[in-house]
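Quick notes on the structure that follows.
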There are 2 protein chains.
Amino acid sequence: MNSSRPVTIKDIARRFRCSPSTVSRALNDHPAINEDTRKNIQEYAKEVGYQRNEVSLSLLNKKTASLGVVVPTISNYYETAVIEGLHTVLQPMGYTLNICVTNESYLLEKESLSKLLSNRTEGIFLSVSQETYDAGYYEHLESVIQRKTPLIFIDREYEDFETSRATVDDYHGAFAAVEHLISIGYKQIAHLKGPNGLTVSEQRFKGYINCLKKYNMPIREDLILNTNFNVESAILPTKRLLELASPPDAIFGVNDQVAIGAMRVAKDKGLRIPQDIGLVGFDNSPISAYTFPSLTTVHRPGRKIGMEASRLFLNQLNGSGDFAPESIVLPSELVIRESSLRI
Amino acid sequence: MNSSRPVTIKDIARRFRCSPSTVSRALNDHPAINEDTRKNIQEYAKEVGYQRNEVSLSLLNKKTASLGVVVPTISNYYETAVIEGLHTVLQPMGYTLNICVTNESYLLEKESLSKLLSNRTEGIFLSVSQETYDAGYYEHLESVIQRKTPLIFIDREYEDFETSRATVDDYHGAFAAVEHLISIGYKQIAHLKGPNGLTVSEQRFKGYINCLKKYNMPIREDLILNTNFNVESAILPTKRLLELASPPDAIFGVNDQVAIGAMRVAKDKGLRIPQDIGLVGFDNSPISAYTFPSLTTVHRPGRKIGMEASRLFLNQLNGSGDFAPESIVLPSELVIRESSLRI
DNA sequence: ATATTGAATGCAAACGTTTGAAAAAATTTC
DNA sequence: GAAATTTTTTCAAACGTTTGCATTCAATAT
């Protein structure tokens with residue numbers, strides 16, 4: 001029945017035999033508009049379901065009120081927590097979030113950024129893809145910075161870029177986790193590392209290594225194996241660890257998923273946790289508190305990171321020309337549960 | 001150094017002392033443009049990092065290439081899987097996804113929809129919030145339909161709306177789950193139900209009830225308790241179940257999270273799974289295969305739902321005026337694992 | 001030399017809205 | 001009743017791009 005074309009200000013103007021300006025002003029409660037005119041126009045507008053075309057406004061004001069969020073995946077707890085944090089702060093301010101998933105692909109990341117810039121997105125939150133990281137590409141980021149579009153790194157970052165970033169203190173979190181295992185008395189601590197090259201992986205790895213060094217524990221290369229952050233990817237490496245002539249008596253997983261995978265393998269082998277083998281994860285994902293035994297882990301405040309990143313963005317937006325990028329590093333916190341509490 | 005204002009076609013035209021039309025044509029490889037002119041303009045454009053302003057194009061063509069996804073939450077596996085499915089199909093076609101999280105709030109849902117319409121979003125994928133559902137509000141949906149903006153329901157839906165929808169066959173999935181428990185020999189099957197009123201909860205509940213009826217099993221009200229879809233919300237209800245004078249010998253959880261919560265409580269009580277108590281979840285989330293024991297569950301093809309929903313959207317978009325809404329119901333599939341395999 | 005062709009470019013309108021300045025209309029003042 | 005004032009409305013430009021049509025200019029054909 002109704003034409004599918006949305007009602008415009010011009011349509012209303014025609015109906016009232018007045019100019020579009022009058023309609024615009026009436027709808028915006030401009031004082032210099034006759035009270036009756038205003039009322040009539042507003043009523044009619046409501047009746048026909050008029051809705052401001054924000055696209056034209058974006059063009060006029062050069063403000064789109066939309067932000068880009070570019071992440072490698074959204075199937076992990078942490079990523080969605082970050083997005084929720086961004087949402088919490090920015091949605092009430094009228095911003096719309098354009099979520100782009102790169103699937104760890106450089107090309108998709110590049111295209112996403114280009115698209116966001118074309119759409120005149122006002123800011124971009126980025127966690128770089130693995131491919132990008134590996135290859136060390138960065139030209140696609142240059143163009144973002146050249147446009148002076150605020151670029152905020154979340155989670156994965158390029159260290160030598162002059163932008164704001166909000167990350168979690170992975171290093172000290174990992175350090176604390178391993179220190180805890182040592183304090184309990186575990187001697188042969190393995191590490192199921194994340195993919196090489198990523199800051200997250202490397203920082204946690206560094207925390208692991210440096211902690212071992214501090215306590216004069218031997219560093220065994222054969223106790224360090226790579227995973228891909230997900231449960232499945234932990235299965236084989238853990239099996240290999242447990243089949244070693246001198247197997248580890250504890251495993252520090254790069255995240256909870258990996259630790260849970262390891263937990264499964266250990267149990268299948270008939271090992272008791274934490275008596276025979278200690279386990280620690282990273283993330284404090286909701287499930288970690290309810291595994292059996294519950295998983296000792298390192299809390300990683302995803303929501304908070306999202307909220308801090310929002311703050312950094314707003315700072316940069318409202319800041320004067322001589323803007324200085326900020327780096328926020330939120331502390332991570334050891335959460336001790338059953339999987340490491342050997343008495 | 002560089003002005004922050006993006007380079008426009010006009011800027012380039014001024015530089016070459018030609019008209020904007022020429023620049024536009026040159027950039028778009030229009031045949032009626034001199035080869036040299038074209039080359040020069042394209043080179044210069046690249047050099048200064050010209051990037052088409054898609055906002056102006058959206059206004060001109062009345063096409064925004066952006067779609068809205070309105071969901072109650074993104075912290076569950078299923079939701080993110082759906083979004084990934086949408087992404088998989090629609091991102092390559094040039095669409096941008098605007099994700100709006102309603103946090104189960106009617107007001108946020110209403111505002112999100114209104115915003116999406118104002119932004120001339122070309123289609124909306126909606127899973128209605130719990131509040132909306134409870135209150136039975138629907139006017140905010142009317143305006144979407146009146147605008148003839150394709151509206152696709154995913155997951156949670158209003159049954160009496162003339163729109164396309166893609167859902168999973170919750171009823172038969174639940175039925176199969178309970179039937180499986182019965183076939184194994186479990187006699188007192190409890191159900192940790194989802195929030196009342198939601199289609200998802202009710203369909204699974206119905207599957208549970210009807211299956212019990214079919215096999216002439218008694219339906220015990222005291223074995224049916226509500227949860228809120230997340231792990232924590234299963235803890236207390238499960239405790240209550242297990243403290244009953246006549247406790248259940250199996251629990252069917254409305255989803256994996258809930259089942260995992262129940263698993264934890266059962267183990268804390270020293271019960272053996274599946275010998276003392278059988279457990280079945282719903283979703284087939286990645287973690288469910290790696291709990292100990294692994295969780296019998298019902299596979300819910302989130303990615304596929306997203307992809308089907310995309311298809312429905314595209315159908316409606318390309319369809320003729322007399323468009324007939326489609327309902328896709330994907331089958332769910334029982335995945336038998338250890339938590340229910342009592343021999 | 002003139003007409004004809006063809007290639008290359010420019011003009012102007014359009015998308016929907018806002019806004020400063022100008023114009024018109026209504027009201028007040030003397 | 002005219003001038004001054006106030007209220008209300010319209011005009012025109014702007015945001016950046018595309019595109020049908022008109023125009024320009026040079027080259028070719030007659």
Side-chain angles (χ1 to χ4, degrees), chain A residues 3-42 44-45 48-66 94 115 117-122 147, chain B residues 3-42 44-45 48-66 94 115 117-122 147:
Chain A
S3 92
S4 62
R5 192 177 64 82
V7 181
T8 72
I9 269 191
K10 287 185 185 176
D11 296 330
I12 301 180
R14 218 168 295 132
R15 160 75 171 66
F16 282 91
R17 292 207 179 74
C18 69
S19 74
S21 343
T22 304
V23 178
S24 169
R25 292 201 169 96
L27 292 173
N28 292 320
D29 289 324
H30 193 283
I33 288 288
N34 184 280
E35 185 61 17
D36 287 344
T37 321
R38 191 183 63 77
K39 211 176 270 175
N40 287 334
I41 290 183
Q42 288 193 354
Y44 180 75
V48 296
Y50 169 78
Q51 209 145 14
R52 230 231 238 76
N53 185 334
E54 295 287 348
V55 177
S56 76
L57 260 197
S58 294
L59 182 59
L60 187 61
N61 299 333
K62 304 183 176 205
K63 294 211 170 152
T64 55
S66 74
K115 193 116 192 288
L117 287 182
S118 274
N119 287 331
R120 299 301 187 258
T121 293
E122 293 180 39
R147 273 274 192 309
Chain B
S3 93
S4 62
R5 191 177 64 82
V7 181
T8 72
I9 269 191
K10 287 186 185 174
D11 297 329
I12 302 181
R14 217 168 296 132
R15 160 75 172 66
F16 282 92
R17 291 204 178 77
C18 68
S19 73
S21 344
T22 304
V23 177
S24 169
R25 290 196 173 99
L27 292 173
N28 293 319
D29 288 324
H30 193 284
I33 288 288
N34 184 279
E35 185 60 16
D36 288 342
T37 321
R38 192 183 63 77
K39 210 175 272 175
N40 287 334
I41 290 182
Q42 289 192 354
Y44 180 74
V48 296
Y50 169 77
Q51 209 144 13
R52 229 228 244 75
N53 185 333
E54 294 287 348
V55 177
S56 76
L57 261 198
S58 294
L59 181 59
L60 188 61
N61 299 333
K62 303 182 176 206
K63 294 211 171 152
T64 55
S66 73
K115 192 115 192 286
L117 287 181
S118 275
N119 286 331
R120 299 299 186 260
T121 292
E122 294 181 40
R147 273 276 189 308

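The figures here come from the full heavy-atom set of this structure, side chains too, leaving out hydrogens, waters and symmetry mates. Residue numbering restarts at 1 for every chain, and letters A, B, ... go by the order of the sequence lines.
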Requested in this report: Classify the nucleic acid contact of B:Tyr50 as base, sugar-phosphate or nothing, counting any heavy atom under 4.0 Å across all strands shown.
Outcome: sugar-phosphate
Query raised in the report: In terms of the nearest nucleotide of DNA chain C, which residue is placed more toward the 5' end: B:Asn34 or B:Lys62?
Result: B:Asn34
Report task. Please work out if A:Thr8 contacts a base, only the sugar-phosphate, or nothing of the nucleic acid, heavy-atom cut-off 4.0 Å. Result -> sugar-phosphate
Report summary line: From the list B:Asn28, B:Ile12, B:Thr8, side-chain contact (heavy atoms from CB on, under 4.5 Å) with B:Val23 holds only for B:Ile12
Query raised in the report: In whole Å, what is the span from the NE2 atom of A:His30 to the C1' atom of D:dT8?
Result: 11 Å
Report task. Select from B:Ser56 and B:Pro31 the residue whose nearest nucleotide in DNA chain C is closer to the 5' end of that strand. Result -> B:Pro31
Query raised in the report: For B:Asn61, which contact category applies under a 4.0 Å heavy-atom criterion: base, sugar-phosphate, or nothing?
Result: nothing
Query - Donor-acceptor pair between A:Ser19 and A:Thr22 side chains, under 3.5 angstrom - result: yes
Query raised in the report: Between which nucleotides of DNA chain C, 5' to 3', does chain B make heavy-atom contacts below 4.0 Å?
Result: C:dA8 to C:dG16
Query - Test side chain to side chain contact (heavy atoms under 4.5 Å, CB included) applied to B:Ile9 and B:Tyr50, step by step - result: CA-CA 8 Å; B:Ile9 269 191; B:Tyr50 169 77; 3.4 Å; yes
Query - D:dT18 phosphate, OP1 or OP2, under 4.0 Å from B:Arg52 side-chain N/O - result: yes
Query raised in the report: What nucleic acid atoms does B:Arg17 come within less than 4.0 Å of, heavy atoms only: base, sugar-phosphate, or nothing?
Result: sugar-phosphate
Query raised in the report: Under 3.5 Å, side chain of A:Glu122 to main-chain N/O of A:Ala65, donor-acceptor pair present?
Result: yes
Report task. Would you classify A:Leu57 as touching base, sugar-phosphate or nothing, given that sugar-phosphate means primed atoms plus P, OP1 and OP2, and contacts are heavy atoms under 4.0 Å? Result -> sugar-phosphate
Report task. Pick base, sugar-phosphate or nothing for A:Thr22, based on heavy-atom distances below 4.0 Å to the nucleic acid. Result -> base
**Report entry** Euclidean distance, atom CD1 of residue B:Ile12 to atom C1' of D:dT18 [Å, nearest integer]
**Finding:** 15 Å
Report task. Look at all strands and tell whether B:Thr37 reaches a base, only sugar-phosphate, or nothing, counting heavy atoms closer than 4.0 Å. Result -> sugar-phosphate
Report task. Indicate yes or no: does A:Arg14 engage A:Asp11 in a salt bridge with an N to O separation below 4.0 Å. Result -> yes
Requested in this report: Looking at every strand, decide which applies to A:Arg25 at a 4.0 Å heavy-atom threshold: base, sugar-phosphate, or nothing.
Outcome: base
Query raised in the report: Is there side-chain contact between A:Arg147 and B:Gln51, with heavy atoms separated by less than 4.5 Å?
Result: yes
Query raised in the report: Are any of the side-chain heavy atoms of B:Ser56 and B:Asn53 separated by less than 4.5 Å?
Result: yes
